[in-house]
Amino acid sequence: MVYIRAKRLEGLKQYKYAGVDNSLTSKYILKPFYNNVVIKCFPMSMAPNAITLSGFSFVVLNFLTLLWYNPTLDQDMPSWVYASWAVGLFLYQTFDAVDATLTFYIQTWDEYYTQTLILGVVSGPVEGILTLCIVYAITAVKGGGSFWQQSLLQTIGVAPHAMIPDYIYNLPWNQWYMVYGGLVLVANTIQSIWHVMEVQRQQKKPVDKPLYGLAPYFTAAVNVAFYLYFQPVILEHHLIPFVFYVGLINAYSVGMIITAHLTKDLEFPMQNVLVLPLSLAVIDSVGPFVGLWPSVLGSGMYQIAFVFMMLGLGVGVYGSFVYDIITTICDYLDIWCLTIKHPYVEGKEKKAK
């Protein structure tokens with residue numbers, strides 16, 4: 001499949017990166033660390049993509065240790081595993097920052113319409129990842145993930161009070177973390193929507209049209225929530241392959257938006273084929289719940305097999321997308337992906353000999 005049409009390739013030469021990072025953590029802590037320490041660890045001859053890929057290898061190692069020690073996500077692991085996750089994720093963020101900036105769907109949608117990547121005072125690529133690193137480090141110190149299933153208020157020494165409802169007082173750390181993540185997500189989404197609409201007004205363009213671009217994101221999110229609600233066997237026993245598949249859905253959508261942005265494609269990519277099997281699985285699961293049709297997959301072996309089928313489809317589709325984008329862009333711009341290709345100078349080889 002061809003993801004970049006020949007007529008869109010000219011847009012690659014017109015692309016100019018523009019980004020604004022409003023994070024105070026980045027400004028006063030991370031960027032000085034990157035510029036004064038980290039960047040000196042890499043030779044200037046090393047390609048930026050090679051730096052990012054080497055950083056990503058730490059995350060891969062973290063994932064492999066998870067599969068080895070806790071593939072069902074229902075038991076504690078050795079403390080050093082959590083510590084390695086904290087270090088690995090921080091190294092990935094650091095290596096990626098030397099090359100470029102990690103982003104997610106909302107920020108990529110924002111960048112497509114405004115031509116500028118905006119990261120807020122608190123954002124997923126900065127504070128979100130650092131929060132995870134801190135969580136992993138604390139988990140290593142406390143001896144396991146079961147620590148986060150305790151009541152937050154009770155753990156920090158807050159006594160029960162008539163003013164505090166029981167469900168609030170007993171809320172564990174992990175659920176408070178979900179509240180925190182949800183608030184940050186909502187805040188960043190509102191900020192991005194406001195920014196896009198403001199730019200559209202300045203350019204005298206329709207302010208509502210870009211909002212349709214959020215539909216794929218929320219469609220996927222709703223499907224994920226409903227599927228896990230109707231299929232607790234996946235939520236409780238086979239979450240890793242499902243999360244892997246959902247990650248591929250997001251990566252594919254973000255990749256297509258970035259590609260459209262790079263090539264100046266005026267058509268925002270609204271479709272994501274990887275959501276289709278998940279939607280079908282949700283429809284299949286809803287039938288018995290509302291009493292209108294029987295489930296074809298059921299809730300046992302066939303449902304589990306379907307999850308792995310979706311994962312395989314995701315790997316195949318996203319893998320072909322990555323390969324096609326890399327080869328097309330590299331061929332058109334006459335560059336290499338993981339190494340720096342120096343321009344050919346006629347007679348230089350003979351002179352060197």
Can you list every pair that meets side chain to side chain donor-acceptor pair (under 3.5 Å) and has a residue in residues 291-309, with sequence neighbours left out?
->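 Listed once each, the pairs are Tyr227-Gln303, Asp284-Ser295.
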Pairs meeting criterion side chain to side chain donor-acceptor pair (under 3.5 Å) with involvement of residues 179-191, two or more places apart =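 Output for this query lists Thr131-Tyr180.
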Remaining members of the apolar cluster that contains Met163, side-chain heavy atoms under 4.5 Å |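 Noted: Met163 shares its cluster with no other residue.
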Listed by chain and number, what are the side-chain contact (heavy atoms from CB on, under 4.5 Å) partners of [X], not counting sequence neighbours?
X      : value
Pro232 : Glu236
Trp194 : Glu198
Ile340 : Ala47, His342
Val207 : Met197, Gln200, Arg201

With a 3.5 Å distance limit and no angle check, can you tell me whether [X] reaches the backbone of [Y] through a side-chain donor-acceptor pair?
X      : Y      : result
Asn70  : Asp74  : yes
Tyr169 : Val158 : yes
Trp109 : Ile257 : no
Tyr34  : Ser26  : no
Asp76  : Ser146 : yes
Asp324 : Ser320 : no

Assess whether atom [atom1] of [X] is packed by more than 12 heavy atoms of other residues, nucleotides or ligands within 6.0 Å.
X      : atom1 : answer
Met178 : CE    : no
Asp208 : CG    : yes
Tyr15  : OH    : yes
Lys264 : NZ    : yes
Gln203 : CD    : yes
Tyr229 : OH    : no

With rounding to the nearest 0.5 Å, note down the distance linking [atom1] in [X] to [atom2] in [Y].
X      : Y      : atom1 : atom2 : result
Met77  : Thr65  : CE    : OG1   : 7.0 Å
Thr328 : Arg5   : OG1   : CZ    : 10.5 Å
Leu185 : Ile106 : CG    : CD1   : 6.5 Å
Leu89  : Thr94  : CG    : OG1   : 9.5 Å
Gln150 : Gln154 : CD    : CD    : 8.0 Å
Leu278 : Leu313 : CG    : CG    : 11.5 Å

Check the pair Phe104, Val254 against side-chain contact (heavy atoms from CB on, under 4.5 Å), reporting the backbone distance first and the verdict last.
-> CA-CA 7 Å; Phe104 302 127; Val254 169; 5.8 Å; no
According to the ring pair (Phe, Tyr, Trp, His ring centres under 6.0 Å) rule, which pairs have a member within [range], sequence neighbours left out?
range            : result
residues 67-88   : Tyr69-Trp80, Tyr82-Trp85, Trp85-Tyr136
residues 140-161 : Phe147-Trp173, Trp148-Trp173
residues 35-64   : Phe42-Phe95, Phe58-Phe95, Phe63-Phe244

Are Ile240 and Leu235 connected, step by step, through hydrophobic side chains (Ile, Leu, Val, Met, Phe, Trp, Tyr) whose heavy atoms are closer than 4.5 Å?
->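 Yes; Leu235 is reachable from Ile240 via cluster members.
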Do Leu132 and Leu66 belong to the same hydrophobic cluster, where Ile, Leu, Val, Met, Phe, Trp and Tyr are linked whenever their side-chain heavy atoms lie under 4.5 Å apart, directly or via other members?
->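 In one cluster: yes.
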Evaluate the side-chain contact (heavy atoms from CB on, under 4.5 Å) criterion for residues Leu297 and Gln231: first the C-alpha distance (whole Å), next the side-chain angles of each, then the deciding distance (0.1 Å), finally the verdict.
-> CA-CA 11 Å; Leu297 297 172; Gln231 297 297 335; over 6 Å; no
Do Ile193 and Leu211 pass the side-chain contact (heavy atoms from CB on, under 4.5 Å) test, and can you show the C-alpha distance, the side-chain angles, and the key distance before you say yes or no?
-> CA-CA 8 Å; Ile193 290 175; Leu211 298 179; 3.8 Å; yes
Residues Asp110 and Thr114: side-chain donor-acceptor under 3.5 angstrom |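 Distance-only check passes for Asp110 and Thr114.
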I would like to know whether Tyr332 and Glu10 meet side chain to side chain donor-acceptor pair (under 3.5 Å); could you show each step before the answer?
-> CA-CA 9 Å; Tyr332 180 74; Glu10 281 293 329; 2.9 Å; yes
Could you walk me through whether Ile129 and Gln93 pass side-chain contact (heavy atoms from CB on, under 4.5 Å), step by step?
-> CA-CA 8 Å; Ile129 289 181; Gln93 183 191 47; 3.7 Å; yes
Mind checking salt bridge (Lys or Arg N to Asp or Glu O under 4.0 Å) for Asp334 and listing every partner two or more places apart, or none if nothing turns up?
->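 Salt bridge (Lys or Arg N to Asp or Glu O under 4.0 Å) check on Asp334 returns Lys341.
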Could you give the side-chain donor-acceptor pairs of residues 212-225 under 3.5 Å, partners two or more places apart or in another chain?
| from | atom 1 | to | atom 2 | distance (Å) |
| --- | --- | --- | --- | --- |
| Thr219 | OG1 | Ala215 | O | 2.7 |
| Asn223 | OD1 | Ser279 | OG | 3.3 |
| Asn223 | ND2 | Thr219 | O | 2.7 |

